[in-house]
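Reading through the structure tokens given below for one structure.
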Amino acid sequence: MQIKHFNSKELHFMKYKCINKLDQFDFKEASIASIQFNGTTFSMDLDNVTIKANNEHNRDIQDMRANNVLVSFPDTSILTIIEEGYKLYDANNNLTETVADKTIPSEDYKTFFENIAGNFLYSITITEEKQCTINIDGEYQTYTIQLSNSSSCVEWDRFLKKEQ
């Protein structure tokens, strides 16, 4: 499988690759550089991804991190993208506003992906039903992307020391 790294104009083959090993990474506080969906493959270009000490490529005995990490889900479809609702309370704990969850229509996905760059992930989870849930912490809003997929691929070129 050849994957285009979205920060370059030509094909770039990454040095390290993990197939179906999302549990060997921590995506909390990973920065989203870009998200792409071409109809069959959902891909995210991320920075500040934690590579756990138990990762098959990590020769160190501690968690490391990486930038320019490509996370892709081939042969997938987007089930839904939800802008999560919220409840707003005043200083006396009185409910002042309620906003319900909002489903983003598929015709707005491209605009959503363009506007979400620069925000942060707080988790990526795969369920037994072969569904993937991606949670994003936006500047003022949180989002959930649900995918139907059969596999995942994480690729990167170099390990960086993780700040303690």
Side-chain angles (χ1 to χ4, degrees), residues 1 3-8 14 17-52 55 63-90 93-156 160 162-163:
M1 173 172 68
I3 296 178
K4 181 174 180 175
H5 190 268
F6 297 112
N7 281 343
S8 65
M14 301 285 194
K17 180 189 260 187
C18 288
I19 306 289
N20 298 326
K21 305 277 183 168
L22 290 177
D23 60 334
Q24 295 181 2
F25 300 88
D26 184 354
F27 297 99
K28 186 176 181 179
E29 299 182 9
S31 174
I32 301 168
S34 69
I35 295 178
Q36 302 285 326
F37 181 62
N38 67 9
T40 60
T41 300
F42 181 90
S43 300
M44 298 182 293
D45 194 358
L46 306 173
D47 290 324
N48 198 36
V49 172
T50 298
I51 303 165
K52 293 181 181 179
N55 184 283
D63 288 351
M64 301 293 281
R65 71 177 184 88
N67 290 329
N68 298 314
V69 176
L70 183 62
V71 180
S72 59
F73 301 91
D75 302 319
T76 193
S77 61
I78 297 174
L79 298 175
T80 186
I81 300 177
I82 298 170
E83 181 179 307
E84 296 175 0
Y86 59 90
K87 292 181 179 180
L88 188 61
Y89 295 86
D90 66 15
N93 205 28
N94 296 316
L95 181 63
T96 59
E97 183 181 7
T98 300
V99 176
D101 289 352
K102 175 184 165 192
T103 301
I104 296 175
S106 58
E107 60 269 12
D108 294 340
Y109 287 173
K110 184 177 182 203
T111 302
F112 172 78
F113 295 148
E114 290 168 358
N115 293 332
I116 205 69
N119 289 286
F120 296 89
L121 291 180
Y122 58 86
S123 68
I124 299 176
T125 55
I126 302 282
T127 66
E128 291 178 17
E129 296 82 30
K130 296 289 186 185
Q131 290 185 1
C132 176
T133 301
I134 300 166
N135 295 299
I136 299 172
D137 190 10
E139 188 174 351
Y140 300 107
Q141 198 69 38
T142 55
Y143 302 92
T144 299
I145 300 172
Q146 293 180 322
L147 306 174
S148 172
N149 73 305
S150 59
S151 65
S152 64
C153 179
V154 180
E155 299 178 84
W156 71 102
L160 302 169
K162 184 164 175 65
E163 298 292 324

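Quantities reported herein were computed from a predicted structural model and do not represent experimental measurements.
Checked by atom type and distance alone, the side chain of Lys52 pairs as donor or acceptor with a backbone atom of Asp23 at under 3.5 Å. Within the 3.5 Å criterion, the main-chain N or O of Ile116 finds a donor-acceptor partner in the side chain of Asn119. A donor-acceptor distance shorter than 3.5 angstrom exists from the side chain of Thr76 to the backbone of Ser148, with no hydrogens or angles considered. In this structure, Asp108 contributes its side chain and Thr111 its backbone to no donor-acceptor pair below 3.5 Å.
Atom CD1 of Ile82 sits about 12.5 Å away from atom NZ of Lys102, to the nearest 0.5 Å. Atom CG of Asp45 sits about 10.5 Å away from atom CD1 of Ile32, to the nearest 0.5 Å. To the nearest 0.5 angstrom, Ile81 atom CD1 is 5.5 Å from Ile104 atom CD1. Considering CD of Gln131 and OG of Ser77, their distance stands at 9.0 Å, rounded to 0.5 Å. Rounding to the nearest 0.5 Å places CE of Met44 at 9.0 Å from CG of Leu70.
The two residues Asn48 and Asn67 come nearest to each other via the heavy atoms N-OD1, 2.8 Å. Listed here is the closest heavy atom pair of Leu22 and Val154: CD2-CG2, 3.7 Å. Cys18 and Asn55 make their closest contact through SG-ND2, 3.6 Å (heavy atoms, listed as atom of the first residue, atom of the second, distance). Nearest heavy atoms, Ile19 versus Cys153: CD1-SG, 3.7 Å. When all heavy atoms of Pro74 and Thr41 are compared, the closest pair comes out as CA-OG1, 3.8 Å. Nearest heavy atoms, Ala117 versus Ala33: CB-O, 3.4 Å.
Contact annotation: the side chain of Leu46 approaches that of Leu121 to within less than 4.5 Å [non-hydrogen atoms, C-beta and beyond]. A 4.5 Å side-chain heavy-atom check between Asn68 and Asp47 finds at least one atom pair inside the cut-off. Side-chain contact between Asn149 and Ile126 is present, with at least one heavy-atom pair separated by less than 4.5 Å.
Side-chain polar atoms of Asn38 and Thr40 form a donor-acceptor pair below 3.5 angstrom.
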(Q) Using side chain to side chain contact (heavy atoms under 4.5 Å, CB included), reason through Ile124 and Phe73 one step at a time and then give a plain yes or no. (A) CA-CA 12 Å; Ile124 299 176; Phe73 301 91; 4.1 Å; yes
**Q.** Worked verdict on Val49 versus Trp156 for side chain to side chain contact (heavy atoms under 4.5 Å, CB included)
**A.** CA-CA 10 Å; Val49 172; Trp156 71 102; over 6 Å; no
Q: Just do the side chain to side chain contact (heavy atoms under 4.5 Å, CB included) check on Ser151 and Asp75 with the steps written out, would you?
A: CA-CA 8 Å; Ser151 65; Asp75 302 319; 5.8 Å; no
Q.
side chain to side chain contact (heavy atoms under 4.5 Å, CB included), that's the test. Do Val71 and Ser152 meet it? Break it down for me.
A. CA-CA 7 Å; Val71 180; Ser152 64; 5.7 Å; no
What donor-acceptor contacts under 3.5 angstrom involve side-chain atoms of residues 133-146, with partners at least two apart or in another chain?
unit_1	atom_1	unit_2	atom_2	d
Asn135	OD1	Thr144	OG1	3.1
Asn135	ND2	Ser123	OG	2.7
Gln141	NE2	Glu84	O	2.3
Thr142	OG1	Glu84	OE1	2.7
Thr144	OG1	Glu84	OE2	2.3

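A 6.0 Å sphere centred on CD of Glu29 holds no more than 12 heavy atoms belonging to other residues, nucleotides or ligands. Other residues, nucleotides and ligands place no more than 12 heavy atoms under 6.0 Å from the NZ atom of Lys130.
Listed by chain and number, the residues in a ring pair (Phe, Tyr, Trp, His ring centres under 6.0 Å) with Phe113 are Phe42 (sequence neighbours excluded).
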